[in-house]
Protein chains: 2
Amino acid sequence: MTQRQELALGRLLELVVLLNQDMTQSLATIDLTTSRTTVLWELRQRGPTKQNVLAEALKVSPRTMTGLIDGLVATGFVTREPHPKDRRATLVTLTAHGEATAGVMETDQAQFVEILFGGMGEARLTCLFDGLEEILARLRQHGLRLPEPTEAS
Amino acid sequence: MTQRQELALGRLLELVVLLNQDMTQSLATIDLTTSRTTVLWELRQRGPTKQNVLAEALKVSPRTMTGLIDGLVATGFVTREPHPKDRRATLVTLTAHGEATAGVMETDQAQFVEILFGGMGEARLTCLFDGLEEILARLRQHGLRLPEPTEAS
DNA sequence: TATTGTTATACTCTATAACTATA
DNA sequence: TATAGTTATAGAGTATAACAATA
């Protein structure tokens with residue numbers, strides 16, 4: 001492990017932390033959490049959706065999805081509607097507020113991109129992008145896992 | 001917002017998610033969480049430390065630190081020792097197991113670096129690093145925040 | 001019998017407020 | 001009076017298991 005590689009990992013982790021913090025904070029100001037926002041995002045793409053489908057999309061248990069929807073209903077982003085063909089199921093549906101919020105998030109994303117990459121040279125952007133791609137590929141190749149923790153103690 | 005910028009943000013967020021998942025999973029196999037691991041890391045640098053110092057280091061409330069230490073005590077990574085000069089305070093101290101684990105994590109980090117950057121060309125590594133630095137600088141400049149969420153609904 | 005979503009239970013991270021022991 | 005850490009309480013995300021209603 002060269003020192004430059006170690007530094008690069010440091011920057012990467014720093015970025016992970018910062019991006020998480022920023023997103024969490026910003027979303028909190030509009031009564032959202034990252035998990036609930038992901039649900040909103042899915043609903044925007046899919047339209048009214050069954051809970052189990054959402055649970056699979058987020059790779060989360062059905063029970064956890066119940067909780068997320070509970071929160072979104074309580075804060076007025078979605079409603080639970082009866083499924084027209086299957087009385088066991090409910091269709092989670094965006095409210096007007098939910099739609100509006102999801103729409104605004106697209107604008108915000110554009111502004112965020114501007115902050116991160118605005119005015120960054122073509123060459124550097126390409127290079128950064130390719131680097132990220134390569135890291136992602138490597139991570140996926142290794143089964144998306146950190147090295148098996150060498151047994152401690 | 002160009003399409004390439006949008007793609008770059010996508011990769012960045014993907015990486016954030018993957019790194020978080022991987023770290024969480026790997027740590028779970030040795031009975032740790034990311035928060036508790038951060039405490040371990042601090043203890044390794046600082047030696048026996050008062051809880052309030054740790055709370056400030058993690059930017060977390062004293063109450064939250066109590067919970068984190070409770071967990072680390074229960075799983076055998078640290079002990080609470082009386083502070084020699086201040087009977088109000090406790091000194092959180094790594095056990096042998098805690099020391100060993102913290103040590104192993106350094107090795108793991110090296111392996112992880114190898115996965116991410118091993119054999120990556122000098123030029124690309126430099127470029128990636130510089131790109132990350134630039135993004136971090138931009139984020140910091142903008143007060144570590146996403147754009148003020150344009151009022152929804 | 002299989003599926004959908006719930007209740008029941010549990011663990012983690014997070015916070016504020018009130019309180020105890022000590023400085 | 002101020003500080004260190006606790007109990008009390010609360011909300012959010014996560015999970016498994018048991019169960020009701022429906023397919």
Side-chain angles (χ1 to χ4, degrees), chain A residues 17 20-21 23-42 48-93, chain B residues 16-17 20-42 48-93:
Chain A
V17 170
N20 268 331
Q21 277 182 359
M23 239 172 300
T24 304
Q25 269 185 23
S26 293
L27 290 175
T29 68
I30 51 170
D31 273 304
L32 279 175
T33 63
T34 50
S35 291
R36 290 179 191 174
T37 302
T38 311
V39 175
L40 243 49
W41 205 250
E42 290 292 332
T49 310
K50 285 199 300 174
Q51 287 189 198
N52 63 356
V53 173
L54 290 171
E56 276 163 32
L58 298 218
K59 289 188 191 104
V60 125
S61 75
R63 179 59 185 92
T64 296
M65 187 49 64
T66 296
L68 292 175
I69 304 298
D70 285 351
L72 286 169
V73 168
T75 45
F77 289 95
V78 308
T79 58
R80 282 187 170 100
E81 305 293 337
H83 190 293
K85 299 193 172 169
D86 185 341
R87 280 193 295 174
R88 294 171 302 180
T90 64
L91 281 179
V92 183
T93 307
Chain B
V16 167
V17 170
N20 268 331
Q21 277 181 359
D22 289 5
M23 240 173 300
T24 304
Q25 269 185 23
S26 293
L27 290 174
T29 68
I30 52 171
D31 273 304
L32 278 175
T33 63
T34 50
S35 291
R36 289 178 191 174
T37 302
T38 310
V39 175
L40 243 50
W41 205 250
E42 290 292 331
T49 309
K50 286 199 299 174
Q51 287 189 198
N52 64 357
V53 173
L54 290 171
E56 276 162 32
L58 297 217
K59 291 188 190 104
V60 126
S61 75
R63 179 57 184 92
T64 297
M65 187 50 64
T66 296
L68 292 175
I69 305 299
D70 285 351
L72 285 168
V73 168
T75 45
F77 290 95
V78 308
T79 58
R80 283 186 170 99
E81 306 292 339
H83 190 292
K85 300 193 169 169
D86 187 341
R87 281 193 295 174
R88 295 170 303 179
T90 64
L91 282 179
V92 183
T93 307

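So you know, we letter chains A, B, ... as the sequences are listed, proteins then strands, and number each from 1.
Across residues 35-42 of chain B, B:S35, B:R36 each have a non-hydrogen atom less than 4.0 Å from an atom of DNA chain C (numbered order). Within residues 60-72 of chain A, the residues having any heavy atom closer than 4.0 Å to DNA chain D are, in order of number, A:V60, A:S61, A:R63, A:T64, A:L68.
Taking atom CG on A:L58 and atom P on D:dA12, their separation rounds to 17 Å, with Å as the unit. As rounded to whole Å, 14 Å separates atom P of D:dG5 from atom CD of B:E81. Taking atom CD of residue B:Q25 and atom P of nucleotide C:dT12, one finds them 18 Å apart after rounding to whole Å. One interatomic measurement links the two molecules: CG of A:L32 to C1' of D:dG13, which rounds to 15 Å at whole-angstrom precision. For B:L54 and C:dT14, the CG to P distance is 13 Å, given to the nearest whole Å. Taking atom CD of residue A:Q21 and atom C1' of nucleotide C:dC13, one finds them 14 Å apart after rounding to whole Å. In this structure, A:K50 atom NZ and D:dA23 atom P are separated by 11 Å, rounded to whole Å. Atom CG in A:L91 sits roughly 13 Å away from atom C1' in C:dG5 (whole-Å rounding).
Under 4.0 angstrom from either OP1 or OP2 of C:dT4 there lies no side-chain N or O belonging to A:R80. Residue A:T90 has a polar side-chain atom (N or O) positioned under 4.0 Å from OP1 or OP2 of C:dG5. Residue A:N52 places at least one side-chain N or O under 4.0 Å from the OP1 or OP2 atom of C:dG5.
Take the nearest nucleotide of DNA chain D for B:A89 and for A:T34: the residue whose nucleotide is more 5' is B:A89.
None of B:V92, B:L40, B:D31 except one satisfies the side-chain contact (heavy atoms from CB on, under 4.5 Å) rule with B:L72; the exception is B:L40.
Atom OG1 of B:T75 is separated from atom CG of B:D70 by 10.5 Å, given to the nearest 0.5 angstrom. Taking CD of A:Q25 as the reference point, atom CG of A:N20 lies at 11.5 Å (rounded to 0.5 Å). One distance of note links CG of A:L91 with NE2 of A:H83; it measures 5.0 Å at 0.5 Å rounding.
A:T37 and A:T33 make their closest contact through OG1-O, 2.6 Å (heavy atoms, listed as atom of the first residue, atom of the second, distance). Contact detail for B:T79 and B:V73: the closest heavy-atom pair is CA-CG2, 4.5 Å. Heavy atoms only, all atoms of each residue included: B:Q51 and B:R80 are closest at OE1-NE, 2.9 Å.
Contacts classified as ring-ring contact (aromatic ring centres under 6.0 Å, His included) and involving residues 53-78 of chain B (residues at least two apart or in different chains) are given here: B:F77-B:H97.
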Please list every donor-acceptor pair under 3.5 Å in which a side-chain atom of residues 55-64 of chain A meets a protein atom from a residue at least two apart or in another chain.
unit_1 : atom_1 : unit_2 : atom_2 : d
A:S61  : OG     : A:T64  : N      : 3.1
A:S61  : OG     : A:T64  : OG1    : 3.0

Any N/O pairs under 3.5 Å between the protein and nucleotides 19-23 of chain C? List them or say none.
unit_1 : atom_1 : unit_2 : atom_2 : d
C:dA23 : OP1    : B:R87  : N      : 2.9

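The side-chain heavy atoms of A:I69 and A:T90, taken from C-beta on, include no pair separated by under 4.5 Å. A:M65 places a side-chain heavy atom less than 4.5 Å from the side chain of A:V39.
The salt bridge (Lys or Arg N to Asp or Glu O under 4.0 Å) test applied to A:R87 returns no partner, not counting sequence neighbours.
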